[in-house]
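Counting convention: from 1, in listed order, for ligands and their atoms alike. Predicted model only: the values in this text are computed from it and were never measured.
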Amino acid sequence: MRMPIIFGNWKMNKRIEEAQALARGIAAEAPTDRIEVGIAPPFTALQAVSEVLKESRVHLAAQNVHWEMKGAHTGEISPEFVVDSGCDYAIIGHSERRQQFGETNNTVNRKLKSSFSVGLSAILCVGETLEEREGGRTEELVESQVRKCLDRLTRGDITKLVIAYEPIWAIGTGRTAAPEQAQQVHQFIRSIVEDLYGRETSSNLRIQYGGSVKPENAFSLMREADIDGFLVGGASLELESFIQILGKSLEAMPE
Ligand code: PGA
């Protein structure tokens, strides 16, 4: 049985006090005994939020890291720095980083390696554009992302990896992939990981869905066999909707 994993990706939102207040609410209300719950505040709030989360089981993630540990990289953040700030996870290769900041499968691969080398777990984001989906190229694109991003990672690394399938056309648009549509890609991703690392590793891998997850669609998505949780953007910015998503997910889980 895979432990479901649901993280909130706050993107470029929440100043320190707001971040602490929201984190406090999540720490108090999230059902962390049955779901692995985490949040990814902006870098500037990590340390302050980690203080709030200290006594809780809520995980703390960075939204990005650099692939080097230190050096002349003005404006960048080392994986070691986010560990210092209390993180145990990093989100790597989010489509907004790929589209707005030119991240490639190659830099994503390097970021995964540097994150694992300092003991971070990682959430690797993959997903196709609308044009690619309409052109029938979803599997081709996702397969190439998964294979390139995992290049030369060890089986041990994969135990620290979560993959988030986030169709770009569903992010922040209110358009969600239909549960069967998402399930199909999740199953496909698992089959690629099986091909690379074998059955045991692939069946233990958790695959999140991301893209307009809301309290209204969490239940039906979570019922799918290969959907192991969510990476939630917009709906993770309000305590009520995030907690509702966790609640709906619990309802969808077998007893
Ligand atoms: P969304 O974002 O839930 O606002 O669509 C998801 C994500 O980008 O991780």
Side-chain angles (χ1 to χ4, degrees), residues 4-14 18-19 22-23 26 30 35-43 45-46 58-65 87 89-103 108 111-112 115 121-130 132-133 138 141-142 145-146 149 161-179 181-182 185-186 189 206-222 224 227-249 252:
I5 177 163
I6 300 181
F7 272 46
N9 171 15
W10 294 358
K11 307 191 180 183
M12 200 171 76
N13 295 289
K14 305 288 178 193
E18 299 169 288
L22 179 53
I26 293 169
I35 299 177
E36 192 174 329
V37 177
I39 50 180
F43 287 122
L46 288 175
V58 176
H59 296 266
L60 187 64
Q63 298 174 16
N64 178 35
V65 291
C87 292
Y89 271 90
I91 297 172
I92 307 284
H94 190 279
S95 61
E96 286 153 14
R97 298 227 39 101
R98 293 176 189 256
Q99 293 192 319
Q100 298 172 26
F101 302 97
E103 286 201 15
V108 168
K111 289 175 180 209
L112 287 172
S115 298
S121 294
I123 296 176
L124 161 65
C125 303
V126 298
E128 80 287 0
T129 61
L130 185 58
E132 286 155 348
R133 171 157 289 265
T138 299
L141 192 275
V142 168
Q145 285 180 326
V146 171
C149 293
L161 179 80
V162 173
I163 295 181
Y165 168 57
E166 301 205 301
I168 292 167
W169 47 271
I171 295 180
T173 58
R175 269 184 79 173
T176 328
Q181 242 176 352
V185 182
H186 281 231
I189 291 171
R206 291 172 302 170
I207 306 176
Q208 294 173 316
Y209 168 80
S212 299
V213 174
K214 301 182 274 281
E216 298 76 40
N217 56 29
F219 180 87
S220 57
L221 285 160
M222 197 66 183
E224 296 292 339
I227 298 183
D228 305 311
F230 304 118
L231 188 55
V232 187
S236 73
L237 295 174
E238 299 288 337
L239 180 62
E240 197 182 334
S241 49
F242 190 59
I243 295 298
Q244 280 176 5
I245 288 170
L246 295 169
K248 293 288 175 192
S249 303

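Looking only at protein heavy atoms, the nearest one to atom 4 (O) of ligand 1 is G234 N, 2.8 Å.
With N9 contributing its side chain and L231 its backbone, the two residues share no donor-acceptor pair below 3.5 Å. Looking at K111, its side chain does come within 3.5 Å of a backbone N or O of V65 through a donor-acceptor pair.
Not a single heavy atom of K214 sits closer than 4.0 Å to an atom of ligand 1. In this structure, G210 falls outside the shell of residues with a heavy atom less than 4.0 angstrom from ligand 1.
Within the 4.0 Å heavy-atom criterion, the part of N9 lying near ligand 1 is the side chain and not the backbone. Contacts with ligand 1 closer than 4.0 Å are made by no heavy atom of S95, backbone or side chain.
In this structure I171 satisfies the side chain to side chain contact (heavy atoms under 4.5 Å, CB included) test together with K11, H94, S95, E96, E166, sequence neighbours excluded. Under the side chain to side chain contact (heavy atoms under 4.5 Å, CB included) criterion, T176 pairs with Y209, S212, K214, N217, L221, not counting sequence neighbours.
Below 3.5 Å of separation, one finds no N or O of T173 facing any N or O of ligand 1. Distances between N or O atoms of A235 and those of ligand 1 include no value under 3.5 Å.
For ligand 1, the atoms sitting less than 4.0 Å from at least one non-hydrogen atom of G172 are 1 (P), 4 (O), 5 (O), numbered in the order shown with element in parentheses. The contact set between ligand 1 and G233, taken as ligand atoms under 4.0 Å from a residue heavy atom, comprises 1 (P), 2 (O), 3 (O), 4 (O), 6 (C). Against a heavy-atom cut-off of under 4.0 Å, A170 is close to the following atoms of ligand 1: 5 (O).
A donor-acceptor pair shorter than 3.5 Å cannot be found between the side chains of Y165 and Q145. Checking W10 against Q63 by side-chain atom types alone, no donor-acceptor pair falls below 3.5 Å.
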Would you sort out whether Q244 and S241 count as a side chain to side chain donor-acceptor pair (under 3.5 Å), showing the intermediate values? CA-CA 5 Å; Q244 280 176 5; S241 49; over 6 Å; no

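Within the 4.5 Å cutoff, no side-chain heavy atoms of Q208 are placed close to those of D228.
Summarising the contacts of atom 8 (O) of ligand 1 with H94, E166, Q208, E96, the nearest heavy atom is found in H94.
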